[in-house]
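A short worksheet on the structure shown next.
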Amino acid sequence: MRITRVLSSALPTLGLALGLTLGPAVPPVAADSSPSASPSGDSSAPTEAGTSFRTATEIEQGRTATASGSAGDYLYWSFPADSGQRPTVKATVKLPQAHTAQTWQVDVYDGLRRRQACQYGAQTRSAAAGATSVELACVLRTVRAWSEPWANDPLPGTYYVRLTVLDLKAADLGLPVNAELRVDSKDIGGSAAVDGSLAEPLVPGIAVTSETEKDDSSATAVLSSIEPDDGWASGWWSDRWVWTAIGAMLAALAGIGGYTLTRGSGRPRNIPPGA
């Protein structure tokens, strides 16, 4: 009975310890899913686009932004992307009833305004004469927490989207068009983790803001107000640490088990030392 009581009292503590150790290794299914779509008629979704990098309209991931413009305009949006995310940019251009053949393209730039290549997706598409719409997509590489200065890897910060038509005929110049843009991200997790992090994300105005905070000044220059829902990641923690700890524990147990199996029963009692 005493052994039973001891085991009964120890089980909750053991279960709590296992939960703390193994809990982060198996995240809930909802954590890996893409952000949910914004409800129709959401007033927070922007209804216009900028005309340059400096005037790019800020959008949040998981929301569908809309804009009206004219054929030949450059439409710009910006969104935040953090380390471990793989953003997917989707754009739909609704064309007028009468138009000639057109080719549209969507480009994505990072916080340093470096053009980022798409892993896959129809970044450039042609719309035949009379087509009602054209759909574009660009799946970026996974955003890294740190990179070499000479590399062109995606880094945490603000990303810019530019939507434009490439070969526009004079007859179509100025025709009204409507555009929709949506950005979703997939959380890649520890498989994309690196040993290092940026001092600050590549967000416009972050350097000026940091300097004014150090000087205790009340005036701050913030050129970008959009950031991830959970804030910018520190870059040092990922579920890779959990799997590394579990692997170390399994290796230690395997070593102890191997030693136990191979050490034998020791020297027999009837054989004197040195015999």
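Throughout, residue positions are numbered sequentially from 1 according to the sequence presented.
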What heavy-atom pair brings [X] and [Y] nearest, and what distance separates the two atoms?
X      : Y      : value
Pro96  : Pro176 : CD-O, 3.4 Å
Gly157 : Pro201 : CA-CB, 4.2 Å
Ala122 : Arg125 : CB-NE, 3.4 Å
Pro87  : Ser185 : CA-OG, 3.4 Å

Rounded to the nearest 0.5 Å, what separates atom [atom1] in [X] from atom [atom2] in [Y]?
X      : Y     : atom1 : atom2 : answer
Lys94  : Ser68 : NZ    : OG    : 10.0 Å
Ser78  : Arg54 : OG    : CZ    : 12.5 Å
Gln119 : Thr88 : CD    : OG1   : 9.0 Å
Trp77  : Thr55 : CH2   : OG1   : 11.5 Å

Would you sort out whether Val93 and Asn178 count as a side-chain contact (heavy atoms from CB on, under 4.5 Å), showing the intermediate values?
CA-CA 6 Å; Val93 182; Asn178 295 320; over 6 Å; no

Exactly one candidate in Leu136, Leu163, Ile59, Thr64 meets side-chain contact (heavy atoms from CB on, under 4.5 Å) with Leu181; the answer is Ile59

**Request:** Could you walk me through whether Lys90 and Glu180 pass salt bridge (charged side-chain N to carboxylate O under 4.0 Å, His left out), step by step?
**Result:** CA-CA 8 Å; Lys90 294 183 179 180; Glu180 294 183 358; over 6 Å; no

| task | Go through Val177 and Leu95 one step at a time and tell me if the side-chain contact (heavy atoms from CB on, under 4.5 Å) criterion holds. | result | CA-CA 5 Å; Val177 295; Leu95 304 173; 4.1 Å; yes

Hydrophobic clusters here meaning ILVMFWY residues chained together by side-chain heavy-atom distances under 4.5 Å, can you tell me if [X] and [Y] are in one?
X      : Y      : result
Leu173 : Tyr74  : no
Tyr76  : Val108 : no
Leu75  : Leu175 : no
Trp104 : Val139 : no

Do [X] and [Y] come within less than 4.5 Å of each other through their side chains, counting heavy atoms only?
X      : Y      : result
Leu202 : Leu112 : yes
Arg141 : Asp153 : yes
Tyr159 : Val143 : yes

- Hey, mind stepping through Tyr109 and Thr158 against side-chain contact (heavy atoms from CB on, under 4.5 Å) and telling me if it holds? CA-CA 9 Å; Tyr109 300 83; Thr158 300; over 6 Å; no

Charged N-O contact under 4.0 Å between Lys186 and Asp184: no

Please check if the side chain of [X] supplies one atom and the backbone of [Y] the other of a donor-acceptor pair under 3.5 Å.
X      : Y      : result
His99  : Thr132 : no
Asp172 : Lys169 : no
Gln102 : Val165 : no
Thr57  : Gly50  : yes

Checklist entry - Given Thr66 and Thr47, is the side-chain hydrogen bond (donor to acceptor under 3.5 Å, both in side chains) satisfied, shown in steps? => result CA-CA 5 Å; Thr66 59; Thr47 57; 5.4 Å; no

key: CA sep, side-chain torsions, deciding dist, call: Arg114, Leu155, side-chain contact (heavy atoms from CB on, under 4.5 Å)   = CA-CA 11 Å; Arg114 303 176 302 181; Leu155 295 172; 4.1 Å; yes

- Task: Answer yes or no: does atom CD of Gln97 have more than 12 heavy-atom neighbours from other residues, nucleotides or ligands under 6.0 Å?
- Result: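 No.
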
When you compare the side chains of Asp107 and Gln116, does any donor N or O come within less than 3.5 Å of an acceptor on the partner?
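Distance-only check fails for Asp107 and Gln116.
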
Worksheet entry | Proximity of Phe79 and Tyr160 rings by center, below 6.0 Å | no

